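This report concerns only the one structure given below.
All values derive from a computational prediction rather than experimental measurement. Here is how names work: the chains are called A, B, and so on, in the same order as the sequence lines, proteins then strands, and each is numbered from 1.
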Amino acid sequence: MKSSSGRSEGVNTTLSVPLPGRSIEARLDFDRLYRTSREDLYAYVATLLRDSAAAEDVTALAFERAMRRQGSYRSSRGSERAWLFGIARNAALDELRRRSRTTQLAAEPVDESTPAAGDEADRSLDRAAVRAALARLAPREREVIALKFHAGLSNGELARVLAVSESNAGTLLHRAMQQLRKACHETA
Amino acid sequence: MRLRDKNALPEDIARELAAIDAALAGEPVEPACHEIAELSLTLRDARPLPDAAAVERLDTRAADGFAPVEGAARRVTALASLKGISPRRFRTWGPRQWLLPVAGGACAVLVAVAVGVSVGGNGGTTFDRPASTTALESAQSQSDASGSPGVAPGAAEPDSAAGAAAGATARSEGTDEAAPATKSAPQTATAVPPATAPPAVGLAQPTTTLPQTLGTPGRSVERGAQLRLATSPGRLDEVSAGVLNVTDGVGGIVRSSAIDSRSTGGSASFQLEIPSTRLQVALARLSQLASVRSRNESSVDVTEQVTFARNRVVALKAERRALVRRLEAAPSLEETARIRERLRSIDARLRAARAQRASLRHRTTYSNVHVEIATERRKGAAADGSWTPDDALGDAARILELALGVAVVALAALAPLLLAGLIAWPLVVVARRRRRERALDASARPAA
C-alpha cells in the first residue's frame, strides 16, 4: 500500500466496530429475550413460589418490569438473562412478602399423577421423587437448584442473580445438590 | 511461596460442577460423577412448565406491552389517545421517566413564583424602588410611643426655679459670658453608605449608630441628616412633591427648596426641619421616594448648653428681681438712675439668654434635614424616561440574575436533602434486600 501523501490508497475494505455505549446497550432485543426466557423464568418462579397461578402473574410482572427498565440494562454487568432473572427474583420475593403478610402460603401439592409404563414410567417416578425431595429443601437451596436446572443459568449468571461471587455460587450449588441427594435417599 | 487463589473451588466441588455442566450439555461424564449427572438431568426434566393456556395468556400480555393493571391500562390508553401517543410507547414511561419533567416543572414554577414575588415587591421595572414599611420605621414608631428622644422630659426648663440657686449663679455675673459650648464635647455619629449601594440596603439598615448617651432620657440632642437621592429625569417633579408630602406628613417645615426641572434632567434641594421624634420615620419615607445615593446622620449632645442657658435665664431673672427691690428702696435720685441703667443692661442680657434658650430648644426639637435630588439617566435610556429596548435588556438581565440567585438558594436548600438521600439510598437498598431475603427464608414449609 502506497502512502505517498499521507493518505491510504487502494483500500477496498472498511472495518466498522460498534462503539461501546448506551446507544448500543439500549438496543436490547426484548422480543428475543422474552421468547427464549419465558418458560425458564416461569419454571424458576414456580419453583420459588410453588404456586402456578402466582408464578404466571409474577412472570408477567417480571417481564413488565424488565421492559420498563430496558434502559438500565448494561451488558458490562452481566448477561441479559442474569439481568432478567434478577428482576424476576425481586418480583418473586416481593410476592412472597406480600403473601406472608396476608395468609400462610399453601403450596400446591407435588405432582404425583399415575406414571406411564416402561422407561417413561421410571423417568416419571424419578421426576416425582426429585420434585418431592426438592420441596423438602430449604428455600435458598431450592432457589439455587431452580436457577441452575430449571432456568438453565450458568454458574456466572447464577452468581450474578444471587449477588455473590462465582465460587460462592458454586459452593452454594454443591451444598444444595448434597442436600437434594440426601433428601432423595430419604424419600426413596 | 505460592499464594492460594481465593476464588478457586475445592477440587471435588469443581469436579462435581463440571459434571453437572457436562451432563446438562449432553457431554460425557466421568463414571465417578454419574449419579450427579443423572440427578441433574432429572432435575431439568422435572422443572415446572406453564400449560398451553398460561403460555397463551403470557403471549397476549406480551403483545399488549405487559400492561400492569387492567384499570391502569385503560387509563393509560385513554390518556395516550388524548395525547396522540402510542399506548405501548406511553406505558414504557416509568416513574423515573416521569420524574424529570415533573421536577423540571416544579423548579420552573418555583423560579416563576420567586421572580413574581420579587418583581412585585420591588415595584416593577421602574428606576426607583419604593418599598414597604421598614423595620426602622416601626422601631421609630415604638420610640414615639415611649417618649421623645430629642428633648427629654427631664430637660424641661423650670423658669420658676428656686431663687437661692439663681442667686448663687447671679454672683458669677462677670463670668457668665464664657460659653459652655466649648466644654461640651459634641458627639457626632456619621455614616456614609457607598454611592453604589442599592436602594433597598439604604432602607433596610440604619446608617447611623448613635452613641448610647444620645438616646438616653435626660439628654438634649441636636440631630441632623443629609440625604442624596437619585431618580430618572421624568420623575424629578414627582419625587420633589413626595419630599414635601413626607415633610407635611411628619409635621415638619420646609425651610427652603430649590427645584431645577428640565426635560433632560435637573436637580432639587430641600432644607427641612423635621421633629426629632419623627426623624427616622421621615428619613425612611424619604428613602423610599427614590434611589438612595448617600445618607448621613449626625447627632450632637447639647445637654450642657441647654442647662447653661436655662440657668442663665433663671439667674438673670433673679438679679433683675433684686435690682427692682433695690430700686424701690433707693435713697437718692442718683442711686435710682444707676439702678435703672443696670436694669436696662440686665434686660438686654435676659433677652439674649432667652433667645439662646429658645434657639437651643428649637434645635433639639427639630432636626435639620438636607435633601438633594439628582437625576441620572441610565445608559441607553430615553430622555423622557420611557421604557426602551435597553431597559428591557437590563430588566431581563436583572430577572435572570434573580432567577440564578433563586436557583442557587434552592440548590443550597436542597443540597443537604440530596446528600442525606445519597447517604440513605444504599441503606434503603440493603434494607430492602434484607426484607426480601427474610421473605424467602420465611417461605420455608415444614417438612412433610
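Of the listed residues (B/Arg434, B/Arg435, B/Arg433), just one forms a side chain to side chain contact (heavy atoms under 4.5 Å, CB included) with B/Glu437, and that residue is B/Arg433.
Residue contact with chain B, scored on non-hydrogen atoms closer than 4.5 Å, involves the side chain of A/Ala163 exclusively. Both the backbone and the side chain of A/Phe63 come within contact range of chain B, each with at least one heavy atom under 4.5 Å from a heavy atom of that chain. Residue A/Arg69: no heavy atom, backbone or side chain, is found under 4.5 Å from chain B. For a residue to count as touching a neighbouring chain, one of its non-hydrogen atoms must lie under 4.5 Å from one of that chain's; by this rule B/Asp51 does not touch chain A. Contact annotation for B/Leu43: both backbone and side-chain heavy atoms come within less than 4.5 Å of a heavy atom of chain A. Residue contact with chain B, scored on non-hydrogen atoms closer than 4.5 Å, involves the side chain of A/Glu143 exclusively. For A/Ala138, no part sits under 4.5 Å from any heavy atom of chain B, backbone or side chain. Within the 4.5 angstrom heavy-atom criterion, only side-chain atoms of B/Ile20, from C-beta onward, approach chain A. Heavy atoms closer than 4.5 Å to chain A are found in the side chain of B/Leu17, but not in its backbone.
Among the candidates A/Asp94, A/Asp126, A/Leu173, the residue making the largest number of heavy-atom pairs closer than 4.5 Å to chain B is A/Asp94. The most heavy-atom pairs under 4.5 Å with chain B, out of A/Leu61, A/Leu180, A/Leu134, A/Val45, come from A/Leu180. Chain B forms more heavy-atom pairs under 4.5 Å with one residue of A/Ala60, A/Ala129, A/Ala46 than with any other, namely A/Ala60. Annotation: maximal heavy-atom pairing with chain B below 4.5 Å, among A/Asp40, A/Thr171, A/Thr47, occurs at A/Asp40. When A/Glu39, A/Arg38, A/Lys148 are compared by the number of non-hydrogen pairs under 4.5 Å with chain B, A/Arg38 comes out ahead.
In this structure, A/Arg181 pairs ionically with B/Glu16, as a charged nitrogen and a carboxylate oxygen lie closer than 4.0 Å. Electrostatic pairing of B/Arg57 and A/Glu56 counts as a salt bridge here, judged by a charged N lying under 4.0 Å from a carboxylate O. A salt bridge does not link A/Arg160 with A/Glu166: every distance from a Lys NZ or Arg NE/NH1/NH2 to an Asp or Glu carboxylate oxygen is 4.0 Å or more. By the 4.0 Å N-to-carboxylate-O rule, B/Arg61 lies too far from A/Glu64 to be salt-bridged with it. Contact check on A/Arg98 versus A/Glu95 returns a salt bridge, with a Lys/Arg side-chain nitrogen under 4.0 Å from an Asp/Glu carboxylate oxygen.
Here the side chain of B/Arg47 pairs no donor or acceptor atom with the backbone of A/Ala151 at under 3.5 angstrom. Under a 3.5 Å cut-off, the side chain of A/Arg97 and the backbone N or O of B/Arg436 do not form any donor-acceptor pair. Proximity of a side-chain donor or acceptor of A/Arg65 to a complementary backbone N or O of A/Ile87 within less than 3.5 Å is not detected.
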